[in-house]
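To start, the structure under review is shown below, and the notes come after it.
Just so you know, these numbers come straight off a predicted model, no measurement behind them. Worth knowing before you read on, the calculation uses all heavy atoms, side chains too, and leaves out hydrogens, waters and symmetry mates.
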Amino acid sequence: NNNNNNNISKYNFVNHTFDRIIFNFPHNGVKGSNQEAITTNQTLLYQFFLSASSLITLYDGEIHVALRTSPFYKSWQIVVQAEKAGLILKRTAPFESSMFPGYINCRTASADLIRQAPSIESAIIYIFALSKKSIT
C-alpha cells in the first residue's frame, strides 16, 4: 500500500504547528481481520501519533481520529497507541459526516472499491492531546 499517511512530519512544516490534526478512518489496506492486519494498523496509528504530536500546539492542540466501533477496530487499541506516543485521551464524540462537507467514506483496498464501504453510522472520534509529561 502506497498510502503512507502515518509520517506527516516528512512534509516541510518548519516553525508551524496546528491546533487540530484530523485523520478520519485510518486503515493501511491490509485485507482481513487477522493478526497481521491488527498489528500493522496498530503500527500505523502509533507512527501517526508520534508524527502528529510534534506538530500540534503545546497546550491546546488536539489530534482527532475517527474509527468504526466493530471488534476489529477496537482490537487496534487506539488509546494504547496514543499513550505510547505521549498523548492522552481527552474525550470521544460521535462521528458526524456533516462536519466534513463532501466527505465520502471509501474502501482502502482498490480491488474492493466496487463494494460499498462499511457503515460509519456508529463511528467515534477519539480526541487526544499531549500528556503533561510530553509538554515538560
Side-chain angles (χ1 to χ4, degrees):
N1 183 359
N2 293 326
N3 187 6
N4 190 10
N5 291 329
N6 60 325
N7 189 1
I8 58 176
S9 63
K10 69 181 178 183
Y11 298 100
N12 190 8
F13 294 122
V14 176
N15 298 322
H16 191 84
T17 56
F18 299 90
D19 295 329
R20 184 175 298 150
I21 295 175
I22 299 171
F23 194 0
N24 287 335
F25 306 101
H27 192 290
N28 64 7
V30 172
K31 285 188 172 189
S33 299
N34 56 28
Q35 190 58 47
E36 178 192 8
I38 292 167
T39 303
T40 56
N41 280 293
Q42 287 174 332
T43 300
L44 169 83
L45 286 172
Y46 171 66
Q47 291 178 344
F48 167 74
F49 287 134
L50 276 179
S51 182
S53 65
S54 68
L55 296 172
I56 58 172
T57 53
L58 281 184
Y59 297 101
D60 58 357
E62 295 179 340
I63 298 172
H64 295 209
V65 179
L67 280 183
R68 294 179 57 225
T69 55
S70 70
F72 174 64
Y73 291 92
K74 287 181 180 181
S75 72
W76 296 5
Q77 301 175 319
I78 186 171
V79 174
V80 171
Q81 308 317 315
E83 288 173 346
K84 289 190 320 190
L87 300 169
I88 57 166
L89 179 66
K90 286 178 65 176
R91 65 186 179 281
T92 61
F95 178 79
E96 296 179 29
S97 58
S98 62
M99 293 175 55
F100 305 94
Y103 180 78
I104 298 171
N105 190 37
C106 62
R107 292 198 171 270
T108 54
S110 59
D112 289 335
L113 288 177
I114 56 173
R115 289 188 10 221
Q116 184 175 0
S119 171
I120 56 174
E121 217 169 274
S122 63
I124 293 175
I125 298 174
Y126 294 84
I127 302 167
F128 298 98
L130 291 170
S131 68
K132 288 186 174 154
K133 169 165 81 160
S134 296
I135 294 173
T136 56

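Of the possible donor and acceptor atoms, one in the side chain of Thr40 sits under 3.5 Å from a partner among the backbone N and O of Ala37. With hydrogens and angles ignored, the 3.5 Å screen pairs no side-chain donor or acceptor of Ser51 with any backbone N or O of Phe48.
Scanning both residues, Leu44 and Asn28, for their nearest heavy atoms gives CD2-N, 4.0 Å. When every heavy atom of Asn41 is checked against every heavy atom of His27, the shortest pair comes out as OD1-CA, 3.4 Å. Taking each heavy atom of Ala85 and Ser53 in turn, the nearest pair found is O-OG, 4.1 Å. Taking all atoms of both residues into account, the shortest heavy-atom contact from Ala52 to Ile21 is O-CD1, 3.7 Å. The minimum heavy-atom distance between Phe128 and Ala82, with the atom names listed, is CE2-CB, 3.4 Å. Smallest separation of non-hydrogen atoms from Pro94 and Ile125: O-CD1, 4.1 Å.
Partners of Thr57 according to the side-chain hydrogen bond (donor to acceptor under 3.5 Å, both in side chains) rule, which considers only residues two or more places apart in sequence or in another chain, are Asp60. Checked against ring pair (Phe, Tyr, Trp, His ring centres under 6.0 Å), Tyr73 has the following partners two or more places apart in sequence or in another chain: Trp76. Evaluation of the side-chain hydrogen bond (donor to acceptor under 3.5 Å, both in side chains) rule for Ser97 yields no partner, not counting sequence neighbours.
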Q: For the pair Phe95 and Asn24, evaluate side-chain contact (heavy atoms from CB on, under 4.5 Å) and give the outcome as yes or no after the intermediate values.
A: CA-CA 9 Å; Phe95 178 79; Asn24 287 335; 3.7 Å; yes
**Q.** Steps toward side-chain contact (heavy atoms from CB on, under 4.5 Å) verdict (Phe49, Ile78)
**A.** CA-CA 10 Å; Phe49 287 134; Ile78 186 171; 3.8 Å; yes
(Q) Could you walk me through whether Gln35 and Ile38 satisfy the side-chain contact (heavy atoms from CB on, under 4.5 Å) test, starting with their C-alpha distance in whole Å, then the side-chain angles of each, then the deciding distance to 0.1 Å, before giving a yes or no? (A) CA-CA 5 Å; Gln35 190 58 47; Ile38 292 167; 4.1 Å; yes
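Gln42 CD to Ser75 OG: the interatomic distance, rounded to the nearest 0.5 Å, is 6.5 Å. The distance from the NZ atom of Lys31 to the CD atom of Glu36 is 13.0 Å, given to the nearest 0.5 Å. Rounding to the nearest 0.5 Å gives a distance of 10.0 Å between CZ of Phe72 and CG of Leu67. Put simply, CD1 on Ile22 and CD on Glu62 are 9.5 Å apart, with the number rounded to the nearest 0.5 Å. Once rounded to the nearest 0.5 Å, the distance linking CZ of Arg20 with NE2 of His64 reads 4.0 Å.
In this structure the side chain of Leu89 never reaches within 4.5 angstrom of the side chain of Ile127, judged on heavy atoms.
At a threshold of 4.5 Å between side-chain heavy atoms, the hydrophobic network of Ile, Leu, Val, Met, Phe, Trp and Tyr places Tyr126 and Leu87 in one connected group. Linking ILVMFWY side-chain heavy atoms closer than 4.5 Å, directly or via other members, places Phe100 and Ile120 in a single hydrophobic cluster. By the rule that hydrophobic residues join a cluster once side-chain heavy atoms approach within less than 4.5 Å of another member, Leu55 and Tyr59 end up as members of one cluster. A continuous path of ILVMFWY side-chain contacts below 4.5 Å connects Ile56 to Phe23, so both sit in one hydrophobic cluster.
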